[in-house]
Structures are given as structure tokens and as C-alpha cells.
K.L.:
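If you scroll down you'll find the structure; I have some questions about it.
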2 protein chains.
Amino acid sequence: MLTIGQLAAYAGVTARAVRHYHQIGLLPEPERDASGYRRYGATAAVSLIKIRTLADAGTPLSEIGQMLEADASTFAEAVQRIDGRLRDEIERLETSRKQIAQLTAGDNLALPPEVISYLDRLREIGVSERIVDGERDGWILVAARWPDHIREVMAGKHAQLDDPQMVRLYRVLSEISEDDPPDGLLEEAADIMAGLAEQAYTSGGINVGGMAYDDLAFDLLDALVLETDPRAQRLVDLMRERGWTGWNRLERLAEPPGQPLS
Amino acid sequence: MLTIGQLAAYAGVTARAVRHYHQIGLLPEPERDASGYRRYGATAAVSLIKIRTLADAGTPLSEIGQMLEADASTFAEAVQRIDGRLRDEIERLETSRKQIAQLTAGDNLALPPEVISYLDRLREIGVSERIVDGERDGWILVAARWPDHIREVMAGKHAQLDDPQMVRLYRVLSEISEDDPPDGLLEEAADIMAGLAEQAYTSGGINVGGMAYDDLAFDLLDALVLETDPRAQRLVDLMRERGWTGWNRLERLAEPPGQPLS
DNA sequence: TGGAGGGTTGACGCTACGTCAAGGTCAAGC
DNA sequence: GCTTGACCTTGACGTAGCGTCAACCCTCCA
């Protein structure tokens, strides 16, 4: 007669596992000896080995009991089910591995390559790291909201960088984001933005289907800028003076500036 | 400002998940509005998306916090660790799939093919299903104890089946295992066994290195027989009268039968 | 003004055990 | 007979990542 430890050792499991199988009714509780110890016979050893065989093959404990009593066809059916689950799980993990491989290449954090190259180009232009970080976070929001439009949008943004005015704007914004920016820069930035907005307005700007102007994401983008640097509010105000409202999605004010709206 | 449900929807998770991230300190608790609702800004949305990106790639939540603050090399290191764990997990599941594929082929329950063919041969010979089941359980114990010797052992057992006496023994045992066996069969079985034992004894029998005669497994095998059918005890007694002790591991008695041992 | 559809905290559930805690038991050596 | 170490007992909490009640409060819309 075996003690629980001997039985467990024979089957290559821990005593705790055996007790667990008792608890869930998978292995019947054996007789106790005079001192209360569990005492096992050979059939228990056989049962335990069968249980471990199925468990090692990926069978959930909750199904092992039925499988041990099942006929051949029911058994085969169960095996199919379990194999299918294993396959799904493997597939999931393979997907995870692919995704994590994408993350290895720097701090891109799930951003598509188009965005990464745009950020790199900003750095080349001399845009401050602080601004680039802000851009990155913004694009994270955009990529989450419109994963299928991101390439189109980025193509447009890349083109915009060919305009020297846009480059100038980014550089001015970089200076503004410094701890102690020179005076007058805010106004200069607002002037450039207003010019670019005018240009975009007449040429039609970047219009991508599926990106509705009243989308929550635009509000989030605007909010993100203000959360990142509250001084941005000043720029918004200056733009309003110049006849534009909003930030990531500039719109021409209906009323001329200086006039009360109501 | 977003409610928890809106934030969750934006990132493609459930509100419960967001609360969970608060609980474990992965995402900071936001301000509450007048009615106690959590109110989130854009940075929270960015953080949440970053968290999900890493989590979807298989990063444990407990490590995501540090990863988001890590520099590039620390980050890459962590990615390596996680990828390694994913690889291990996939390997484990692949192994499970292979094992479960083995189980598909009938009721073999992880027995090596040599044992399966032996059991099949027993059935061909006309051995009762009850005896075959008992044999199967016995071989499960043997295979668990000596997985590396099972082929050797089975070769010997296959050879034994070429002896008509052994075939006769199995058939007699089959009859005995019936609910109402004829008289005298036990004696016949004992006679055959004694003869076979004598034969094995003079020829040296099956000796496989690594299988010590005092092994616990032999006790288990003997116990298994008695647990499966207590009437086997009668056969053990008859064998003792014929000068043999044990069952799966017969040994010649030192004293002649009928003499007191002390 | 009522009801639907949000939100709040608190708690248990899931898997397959690992790991204490606080004892009682057994076998061996002195 | 005593100690010591290894083993047994039950009970309970911990793990990962949330899902799912329960019981209640808040908001918005017809």
C-alpha cells in the first residue's frame, strides 16, 4: 500500500496534485490507515497515470473523467475538440510572436512603418524630441481609430513636409516647446499655420473617406495637445484671432474676428 | 472627457479591463466628476492603447509598466525574454498536440506500439477482454516505471507467446476469469505456470538490466492482479504448493512445500 | 416622469495546482 | 525514551486577466 507521496512519485506528479484530483472528484479518495493517512493500491496508480497521460496531452481536467469512461468514438471526438483548441492556442501565440517581433525595432509601439518614417523625417528636419513624442502619441490615437486609412493619411503628411512653410512651422513649434522660448514665436507660428490653412482650404486639403469630421478622435487629438502642453491654448487663441478654429482640424470661422459670435 | 466605457471602446477593450489596470497600478486612476464617474483625457487613451499593444503581443501585465518607461536596450531585452517564453509555450503545446495525436488511435492511452501489438495478439489468441484489460493496466504500470526498457521486455513477451503452453495458460486464465468457471481449471493453470517457470528458471528467463527484482513496481503489479480479481489469491496459493512464490516475478521457494518455515 | 442604459464598489469564479501554516506520524539513530 | 528529519493531515491564500453577478446610483431622452 502506497502513501500519497509514493503514489505521486510513481506517476511523476506532486502529492498536492493528487489531493487536487481528489477534490475535483477525478480520482476517488482511498481508504485511510489508522493514523489517517491515505493508502493507495495499484489501481489508483493506474488511474493516476491515465489521468496524467491525458492531462499532459492538453486535456482539461474537467473532461478527463468522462474521457476515461467514453467509448472509442466519443473518445476520438473529444480528442478532436482538444486538438482544435490546442491549434487555436498555438495560432494565438504565433500571432503574438509576430507582433512582438514588430516591437523589437525601436520604440515604434505598434505604429505602422509609414508613421515611423514620418517621425524619423521630423527628427532629420530638426524637430525637438518633445514635439516628436507628441506627434507619436497623436498618431497612436489615429492608428487606433482608422487603422485602414493610416497609409493614405501618411502619404498626405509626407507630401506636406515638402512645403518649406511646413518645415518652418515644425521648427518654430520646436522652439516654442523649449522651456524658455523667445517672444513673438507664437505669433509667427500662428501666421504660418494660418497661411497653410488658407492654402489647404483653397486646394481642398486632405480628405480621406471614412474619417468623419465630427469624430470623437479629433476631439481626443485636440485634447492631447493641450494635455501635453497647456501653453498650446495660446496658439489656439491666436488662430481664432486669425479666423480659424480648432487645431488638428482647422475650420474657417463664419464670423469675422473681433465680432461677438452671438 | 471620456467615461470609462467610451475610453474602453476606443481602445477596443472592456470597461472591466480598464478597472483592472487601475487596480494593479498599470493605468493611473483619473479624476472623478461630480457624480463619482471616472473621467479620462486623451493621454489616458494613448496609455491604454500602448498597454493593449504590449499585452496583445504576449507581454504579462506585470511587466508592461516597466517596459513603457524603459530605454531602448532594456526594452529590447524584455522583448527577447517575452519572445522566449512565447516560444517555450508554443513548443509545449506542440508537444501536447503530438501526444494527443498518439491517443487518437484507439484506446491505447499512451502505451507504446509494442504493447498494443502484444495486446492485439492476445485478443487474436482468444484471450478474454477482461484479461486483456488487466494486461493493459499492468503494462501501463510497467511503461511508467521503465519507459526505456519496454521494447526489450515486449520482445521477450512476444517470444513467449510462441510457446503453446503460454497460449494455453492465457486461455485457461480467460476461462477462470469468467463468472462461473469450471472446476479444476485453477489447478491446470497452476500446473502450466509451474512448468513455464521451471523452463524459464533453467534457461535463465528474461533478465533486463535496470529492472531490479526488489522494485516497488513488482509489488504494484502483484497487487494490481489481486485488486482486479481477488480470486487470483487462490492461484498464488496453488503456486506456493508447487514451490513458487510471487506472481509477476516467480521465485523458487527455499524450503520444500509443506514444511514450516521456522 | 419613467425607463433604458450608462456608471459605482465588492465579491466570487475560472485553471491547476504551489506554497505556507500549524500541527500529527513514522522510522532511525542515540 | 528522546531527538531528528521526512512525511502526512486540513485549511486557506495566491497565481493571470479579467468575466460576471449583485445592489445601487446617475444621466439622458421621450
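Model, not experiment: these values are computed from the prediction. Here is the naming used below: chain letters follow the sequence lines, and residue numbers restart at 1 for every chain. Side chains included, hydrogens not; waters and symmetry mates left out as well; all remaining heavy atoms used.
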K.L.:
Mind checking which nucleotides bracket the chain B contacts on DNA chain C, 5' to 3', with an atom under 4.0 Å from a heavy atom?
P.N.:
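Range of nucleotides within reach of chain B: dG6(C) to dA11(C).
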
K.L.:
Measure from CG on Leu2(B) to P on dT27(D) and round the result to the nearest Å.
P.N.:
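Leu2(B) atom CG is separated from dT27(D) atom P by 17 Å.
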
K.L.:
Residues from residues 24-54 of chain B sitting under 4.0 Å of DNA chain D, heavy atoms only?
P.N.:
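Under 4.0 Å from DNA chain D: Ser35(B), Tyr37(B), Arg52(B).
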
K.L.:
Tell me the interatomic distance from Leu61(B), atom CG, to dT15(D), atom P, rounded to whole angstroms.
P.N.:
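Going from CG in Leu61(B) over to P in dT15(D) covers 13 Å.
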
K.L.:
Take Arg32(A) and Tyr37(A) through the side-chain contact (heavy atoms from CB on, under 4.5 Å) test and state the conclusion after the steps.
P.N.:
CA-CA 5 Å; Arg32(A) 306 296 181 108; Tyr37(A) 286 18; over 6 Å; no

K.L.:
Would you jot down, in residue-number order, the residues of residues 76-94 of chain B having a non-hydrogen atom under 4.0 Å from DNA chain C?
P.N.:
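Under 4.0 Å from DNA chain C: no residue of residues 76-94 of chain B.
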
K.L.:
With the threshold set at 4.0 Å, does a side-chain nitrogen-carboxylate oxygen contact exist between Arg249(A) and Asp219(A)?
P.N.:
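Judged by the 4.0 Å cut-off on N to carboxylate O distance, Arg249(A) and Asp219(A) do form a salt bridge.
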
K.L.:
Which atom names give the shortest non-hydrogen contact between Leu27(A) and Ala44(A), and what distance separates them?
P.N.:
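Looks like CD1-O, 4.3 Å.
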
K.L.:
Among side-chain atoms of Arg16(B) and Tyr21(B), is any donor-acceptor pair under 3.5 angstrom?
P.N.:
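Checked: Arg16(B)/Tyr21(B) side chains show no N/O donor-acceptor pair below 3.5 Å.
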
K.L.:
Ignoring hydrogens and angles, state whether a donor on the side chain of Thr245(A) or Glu251(A) is under 3.5 Å from an acceptor on the partner side chain.
P.N.:
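Judged by distance alone, the side chains do not pair up.
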
K.L.:
Whether Arg151(B) and Glu114(B) form a salt bridge (side-chain N of Lys/Arg under 4.0 Å from carboxylate O of Asp/Glu) is what I want to check.
P.N.:
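Yes, this pair counts.
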
K.L.:
Anything under 3.5 Å between a donor and an acceptor, one on a side chain of residues 72-82 of chain A, the other on a protein residue two or more places apart or in another chain? List them.
P.N.:
{"from": "Ser73(A)", "atom 1": "OG", "to": "Asp71(A)", "atom 2": "OD1", "distance (Å)": "3.0"}
{"from": "Thr74(A)", "atom 1": "OG1", "to": "Asp71(A)", "atom 2": "OD1", "distance (Å)": "3.2"}
{"from": "Thr74(A)", "atom 1": "OG1", "to": "Asp71(A)", "atom 2": "OD2", "distance (Å)": "3.0"}
{"from": "Arg81(A)", "atom 1": "NH2", "to": "Glu63(A)", "atom 2": "OE1", "distance (Å)": "3.3"}

K.L.:
Which heavy atom in Glu227(A) sits nearest to a heavy atom in Ala42(B), and how many Å separate them?
P.N.:
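Distance-wise, the nearest heavy atoms are OE2-N, 2.8 Å.
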
K.L.:
According to side-chain hydrogen bond (donor to acceptor under 3.5 Å, both in side chains), who are the partners of Arg38(B), at least two apart in sequence or on a separate chain?
P.N.:
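If we apply the side-chain hydrogen bond (donor to acceptor under 3.5 Å, both in side chains) test to Arg38(B), skipping adjacent residues, the hits are Glu29(B).
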
K.L.:
Between residues 5-16 of chain B and DNA chain D, which residues have a heavy-atom gap below 4.0 Å?
P.N.:
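Going residue by residue through residues 5-16 of chain B, the ones with a heavy atom under 4.0 Å of DNA chain D turn out to be Thr14(B), Arg16(B).
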
K.L.:
Mind calculating the distance between CG (Asp56(B)) and C1' (dC18(D)) to the nearest angstrom?
P.N.:
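Result: 14 Å.
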
K.L.:
Could you give the NE2-to-P distance, from His20(B) to dA16(D), as a whole number of Å?
P.N.:
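Value for this atom pair: 9 Å.
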
K.L.:
Is the Trp146(A) to Phe218(A) ring centre distance short of 6.0 Å?
P.N.:
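So the answer is yes for these two rings.
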
K.L.:
Does dC8(D) have OP1 or OP2 under 4.0 Å away from a side-chain N or O of Thr3(A)?
P.N.:
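So the side chain of Thr3(A) is within the cut-off, an N or O lying under 4.0 Å from OP1 or OP2 of dC8(D).
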
K.L.:
So, are Arg97(B) and Glu94(B) salt-bridged, with charged N and O less than 4.0 Å apart?
P.N.:
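So Arg97(B) does not pair with Glu94(B) through a salt bridge.
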
K.L.:
Any chance you could measure Leu61(B), atom CG, to Leu26(B), atom CG, to the nearest 0.5 Å?
P.N.:
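Here the rounded value is 6.0 Å.
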
K.L.:
Rounded to the nearest Å, what distance is computed from the CZ atom of residue Arg19(B) to the C1' atom of nucleotide dG19(D)?
P.N.:
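Distance, rounded to whole Å: 12 Å.
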
K.L.:
Would you mind checking if Arg136(A) and Asp133(A) are paired as a salt bridge, meaning a charged N to carboxylate O distance below 4.0 Å?
P.N.:
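Yes.
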
